[in-house]
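Chain letters run A, B, ... following the sequence lines, proteins first, then strands; residues in each count from 1. Computed over heavy atoms, backbone and side chain alike; hydrogens, waters and symmetry mates excluded.
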There are 4 protein chains.
Amino acid sequence: MKYALFGESHGPAVGVVLEGVPAGLELDLDAVRFDLSRRAPGKNALSTARREADEPHILSGLFQGHTTGAPLCAVIENTDTRSGDYERTKNLARPGHADYPAHVRYGGFQDYRGGGHFSGRLTAPLVFAGGVAKQLLAQRGIFVGAHISTIYGVNDDPLEDWESLRACAAKDFPVLSDEKGAEMREAILEAKNEQDSVGGAIECGVFGLPAGAGSPDFGRNAEGIFSQYLFAVPAVKAVAFGAGTAFALMRGSEANDPLFVDDDGSIRAEQNCAGGINGGITNGMPLVFEATLRPTPSIGRRQFTVNLAARENAELELSGRHDPCVVHRAVPVLEAAAALAACELLGI
Amino acid sequence: MKYALFGESHGPAVGVVLEGVPAGLELDLDAVRFDLSRRAPGKNALSTARREADEPHILSGLFQGHTTGAPLCAVIENTDTRSGDYERTKNLARPGHADYPAHVRYGGFQDYRGGGHFSGRLTAPLVFAGGVAKQLLAQRGIFVGAHISTIYGVNDDPLEDWESLRACAAKDFPVLSDEKGAEMREAILEAKNEQDSVGGAIECGVFGLPAGAGSPDFGRNAEGIFSQYLFAVPAVKAVAFGAGTAFALMRGSEANDPLFVDDDGSIRAEQNCAGGINGGITNGMPLVFEATLRPTPSIGRRQFTVNLAARENAELELSGRHDPCVVHRAVPVLEAAAALAACELLGI
Amino acid sequence: MKYALFGESHGPAVGVVLEGVPAGLELDLDAVRFDLSRRAPGKNALSTARREADEPHILSGLFQGHTTGAPLCAVIENTDTRSGDYERTKNLARPGHADYPAHVRYGGFQDYRGGGHFSGRLTAPLVFAGGVAKQLLAQRGIFVGAHISTIYGVNDDPLEDWESLRACAAKDFPVLSDEKGAEMREAILEAKNEQDSVGGAIECGVFGLPAGAGSPDFGRNAEGIFSQYLFAVPAVKAVAFGAGTAFALMRGSEANDPLFVDDDGSIRAEQNCAGGINGGITNGMPLVFEATLRPTPSIGRRQFTVNLAARENAELELSGRHDPCVVHRAVPVLEAAAALAACELLGI
Amino acid sequence: MKYALFGESHGPAVGVVLEGVPAGLELDLDAVRFDLSRRAPGKNALSTARREADEPHILSGLFQGHTTGAPLCAVIENTDTRSGDYERTKNLARPGHADYPAHVRYGGFQDYRGGGHFSGRLTAPLVFAGGVAKQLLAQRGIFVGAHISTIYGVNDDPLEDWESLRACAAKDFPVLSDEKGAEMREAILEAKNEQDSVGGAIECGVFGLPAGAGSPDFGRNAEGIFSQYLFAVPAVKAVAFGAGTAFALMRGSEANDPLFVDDDGSIRAEQNCAGGINGGITNGMPLVFEATLRPTPSIGRRQFTVNLAARENAELELSGRHDPCVVHRAVPVLEAAAALAACELLGI
């Protein structure tokens, strides 16, 4: 499967074409809608006030409720757009945003309204594509789940199993420890009150992957495949598998996961520092990674920047509707990216 | 350019085919040999005692000292191999290594001697390919350098500029602060004495990249392209751009890099939390990332594991020649991977 | 640029996502509509009676009349569908069609109405994508044109230059010799009267390509790139460059195109048997190829086939609206495919 | 599997890296050597007098006689090179060759000796790669065979079944009808006597492919996949599937292959105009195609051309050793290309 996202924040619609979908999947659209609702803003004070129905219209690839094997195209309309917000500041490159590099890259022709094609709004069709991928994986006994692992330095409990992540998915604020979740919310609201934003991290697990998928080689190793999908999610700036950056603090005797033969004859590891991958190949343990997301660049505070048209220094005060934090909304997005990556890894 | 590595640790040779090399580069083979020597083991107590000449034999793609535009194939012979070391333990899956997943993936047909195709020895032809890439970049005023940023929790000073990294390259142990370097060496030797190994991290910078390379989309964004190359390096388990995992501790007002018009009229940022990339596109600041490497899995200590043939629990005591740390040898390897990634990003 | 077509003959719409479009093209939608009208059916007795407005709705990638560099998505609605026509015969594999292999490939889940995703209707969004490609090429002085070279054994005059093909594009029946065109039309109508169909061939030229594009290697040679695009057009079964199959009747002394230095100092060939390509690389002469299209498989005559549900022999008499010939409608489609191929060849 | 050829006619060696080879194939090197010998020149008056041992040296990917799943690299040394032959004429672009476009493409840095990387010598490692592919296919009951279908207008009998092609493979001159073969040889020798060369065509069949492989979409359709491999073979200028260019002379009622249920319950066609492919998907009938090869451009006759260094008109008389025809030597090469294509089509 290959996906191609299209659309802009303030264009008529965003959408996705998913090529290579296996035929015969009875698509559970309600499950997809559920993931879309987890991503949707406007539910509480932690997110932007923009409200979108996010109803996917399927243009192709689905017939009598099943995937046909032909490319699947889903379109989600944009309705709650206020483009006027952006005219005033269109020449002021927002720090932390892609405005300046996009201006160079696209010669000033990019759609500047609401971040255009760079907008987090593009993650809605990505969640749609990931929803299809999740259902294909579930047919094979593979499940993907995630939780907020950190927000502004407040850490959630570590991931343990698939059941706890499934419970997370039903929560308005997907953390394992609601106590830590309350602290995180507080950190978000505090930032919001100060016209600021916060960053965080998401830990994700793919459960049920068989051992033996991947390769050590470029373009075919499990970490490389996953990272390609994860870094395509806006705001992701770091990706770490298993013990991740903590490997730099460890000795081999700690980091090596001892193997044993389980009661059912399968080979398992006593711990999972490797995050389910050795030498680029899955080892049958859960594939676990953490992705770090930068704080939302759009903040109300006065910032120093440049005017791209006048090519001179300037100051910027953004109004408009912004997310003080996108990490909680990004949880289903990273699940989607991971599900698509798992499909590629398995040759689905 | 695309590269394909081939070879096994104890086969006749390792090598690389590099397709799409621009014609007309006058290849400085001494510069490539210098990087190969930085990677080579056997120089001191910090590395395995295996000694290899690592002289690249060029089979194609070079004519009268210049690249021809045809695929460039370089072969490096294996000479100092002691395969007998591996026969005794060939059925014992080494914890932390790919032995078990490779056994599943390749049905037991993989070359088990010295790690076979999974061996760090494959990084020699990768350094060759990266050496070609570096010279292509240098023609465009782009330079790649790296240093050890952490070993077993000991941190080097942070990267500042290209000159200091160039000085690093000449060092036996490539750190910015030799004082910190001494602590790191001590940590390595201590681990070695205890028949153990240590992990670490490498920070790398690509200097001189123009603004406007990359795209926000899957498969074309700068972070995704780089991560694909970096995770293809054995032992790399985490990749972080700019402020990286520290973004999870930050507010937007700290993380946003304020822009200003420089004296020469160019647009620059006052800090570089973004690591030179916004929205998947380079912004003209140095592209900076950190890669974390797990501790060498091969350690002398007794470890618990399984016998893959008998499918029963077992204990393992490795003899043979092992690296107590690969981080210092991996510095030119990550430079090579970064140089190849930069070429892809720029369409070279 | 990469394109992904989606849609089915009797679904809500067909469309295309075009990734990697250079920013800043002022898209001439009327030129695109003109090519769509050249492809459209329903104009005369030579084509199916189905009538479609074929108005492209652009969902993304265009802002203030210019391409933005973000993926360009165009959707064309299906309006004149009569699905009832297909229910009666849905289990009868139409000879010459993909019904049987698609049944195996997609496990019976494919959309069978009107050929589903296999329908020639998918060539409408392909013409859209090709229209964008043509305009990008025209900016560089490169032009693509085609004419019917054969229908049912009646041959048009051979292609000479770009001007005559441009004149062809304005014709209802795009041939160089209207006399031969009249014979061809007669052959089509005769077949139609006998509830049959006819095949033919299209000759296409790409004018203005610079010398030096392509490579001899797999995946990068000019013929390979073009053929990939051309064989993706339904009904195309043969592709020949330059003298094509006539090379099998020739000697080297006839086939070799003698070179000379032209008055303007450029190097040109005295004839163009090579079709503008030597060793997989363009030589500056027009890139010329001929594509052969099989006769429309949908014919009214009684045919022998199998019932896929009952797995037994059967007879089939198709009603519905069919094209007695698709060659004349396919001329702008092959131009579109060639324009997209030329863009890939040039790295646009 | 992906293959990358490397090497030049007069460099130290030619070779191939084959990535993604399934592990566990017990490689029959004698079978590969047999195909290499079918391709080898120097056996009789019909080919160049250059003699090469063509013994493949395997550098990687094979262990204890079986493929390991790691990249397979084979190198074939060049021994019988006479570079002096080429110095005299190095600035004279040989008509029909890639000399001029390569000069533009590679800025004059290409290896001009013996055609360099453009040389037919590169088909030796291609035959090696195809030999591996053939053995992988044979494990699945799939066989690839070919014969000369035309030389200088003399046609062989049409292909009927796999057995007759297998018999062909053992022949010095691989035709079905030895009578026609004698005529062809005469045509070759006549051309040779006149310091000229002849072109021809090769018909190839892939037998035993299951129905249901491929897709109608770009990059995934059977014809597109095959054509990509076939046009990467030097001298191939046309590729036609099934009835091929004859479709332009046919009616639908002739071209449609009627289906029936065979005695064993399988669905088959009564004829095979489709060449085993409908809508880009295999239909279970033999996949049949014909590839046309241009006459060898290297001829002894005086030719008009240009001097690339002086940029002036010139005359050229080639000495050196040339093939008056390459079609008979190309038979195993096209089998190799077809075998690699079939592997891609089947996801091997």
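For the options C:P210, C:G219, C:A232, C:G252, heavy-atom pairs under 4.5 Å to chain D are most numerous at C:G252. With respect to chain D, the highest number of heavy-atom pairs below 4.5 Å among C:G115, C:S197, C:A246, C:S215 belongs to C:S197. Contacts with chain D were tallied for C:I267, C:I299, C:N313, C:V154; C:I267 has the most, counting heavy-atom pairs under 4.5 Å. Put simply, of D:G284, D:A213, D:G214, the one with the most heavy-atom pairs under 4.5 Å next to chain C is D:G214. Counting heavy-atom pairs closer than 4.5 Å to chain D, the top-ranked of the candidates C:A211, C:P258, C:S253 is C:S253. Between chain C and the residues D:F226, D:Y3, D:Y229, the largest count of heavy-atom pairs under 4.5 Å involves D:Y229. Between chain C and the residues D:G153, D:P297, D:A255, the largest count of heavy-atom pairs under 4.5 Å involves D:P297. Among D:P216, D:G280, D:A240, the residue with the largest count of heavy-atom pairs under 4.5 Å with chain C is D:P216. Note: C:P295 leads C:A274, C:A291, C:A187, C:P295 in heavy-atom pairs under 4.5 Å with chain D. Between chain C and the options D:A201, D:A191, D:A243, D:A93, the largest number of non-hydrogen pairs under 4.5 Å is found for D:A191. Of the listed residues (C:G275, C:A102, C:G265), the one with the most heavy-atom contacts under 4.5 Å to chain D is C:G265.
With a 4.5 Å cut-off on non-hydrogen atoms, D:N221 touches chain C through its side chain but not through its backbone. Both the backbone and the side chain of C:T305 have a heavy atom closer than 4.5 Å to some heavy atom of chain D. Only the side chain of C:E254 comes within contact range of chain D, with heavy atoms under 4.5 Å apart. Proximity to chain C (any heavy atom under 4.5 Å) is restricted, for D:D257, to the backbone atoms N, CA, C and O. Only the side chain of C:T150 comes within less than 4.5 Å of a heavy atom in chain D; its backbone stays farther off. Using a 4.5 Å cut-off between heavy atoms, D:T296 touches chain C through its backbone atoms (N, CA, C, O) alone. Of the atoms belonging to C:Y100, it is side-chain heavy atoms, and not backbone ones, that fall under 4.5 Å from chain D. For D:E190, the parts lying under 4.5 angstrom from a heavy atom of chain C are both the backbone and the side chain. For chain D, no part of C:E315 is nearby; none of its heavy atoms comes within less than 4.5 Å. Heavy atoms closer than 4.5 Å to chain D are found in both the backbone and the side chain of C:N283. In this structure, no portion of D:P234 lies under 4.5 Å from any heavy atom of chain C. Neither the backbone nor the side chain of D:S149 comes within contact range of chain C; no heavy atom of the residue lies under 4.5 Å from a heavy atom of that chain. Looking at D:L293, only its backbone comes within 4.5 Å of chain C, counting heavy atoms on both sides. Only the backbone of D:S266 comes within less than 4.5 Å of a heavy atom in chain C; its side chain stays farther off. If you measure heavy-atom distances from D:E270 to chain C, you find no contacts under 4.5 Å at all. Heavy atoms closer than 4.5 Å to chain D are found in both the backbone and the side chain of C:I277.
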Discussion item. Walk me through whether C:F231 and D:F241 qualify under ring-ring contact (aromatic ring centres under 6.0 Å, His included).
Written reply: CA-CA 10 Å; C:F231 280 119; D:F241 295 88; 5.3 Å; yes

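For CG of D:D264, the number of neighbouring non-hydrogen atoms (other residues, nucleotides, ligands) closer than 6.0 Å is greater than 12.
Pairing each heavy atom of D:I281 with each of C:P101, the nearest pair is CG2-CB, 3.6 Å. For the residue pair D:G244 and C:A238, the shortest heavy atom distance occurs at C-CB, 4.0 Å. Of all non-hydrogen atoms in D:F247 and C:T292, the two that sit nearest each other are CB-CG2, 4.0 Å. Taking each heavy atom of D:Q228 and C:G224 in turn, the nearest pair found is OE1-O, 2.9 Å. Taking all atoms of both residues into account, the shortest heavy-atom contact from D:R251 to C:Y152 is CG-CE1, 3.4 Å. Across C:S227 and D:S227, no two heavy atoms sit closer than the pair OG-OG, 3.0 Å.
A distance-only check finds no donor-acceptor pair linking the side chain of D:R311 to the backbone of C:V261 [under 3.5 Å].
The CZ atom of C:R294 sits 7.5 Å away from the SG atom of D:C273 when rounded to the nearest 0.5 Å. The OG1 atom of C:T245 sits 8.5 Å away from atom CD of D:E290, with the distance rounded to the nearest 0.5 Å. The CD1 atom of D:I151 lies 12.0 Å from the CG atom of C:L249; values are rounded to the nearest 0.5 Å. How far CZ of D:F304 is from CG of C:L259: 12.5 Å, rounded to the nearest 0.5 Å.
Contact residues of residues 103-112 of chain C toward chain D are C:V104, C:R105, C:Y106 (heavy-atom distance under 4.5 Å).
Put simply, the residue from D:R301, D:H97, D:R94, D:Q303 that forms a side-chain hydrogen bond (donor to acceptor under 3.5 Å, both in side chains) with C:N256 is D:Q303.
Side-chain contact check for D:V239 versus C:E223: every heavy-atom pair is 4.5 Å or farther apart.
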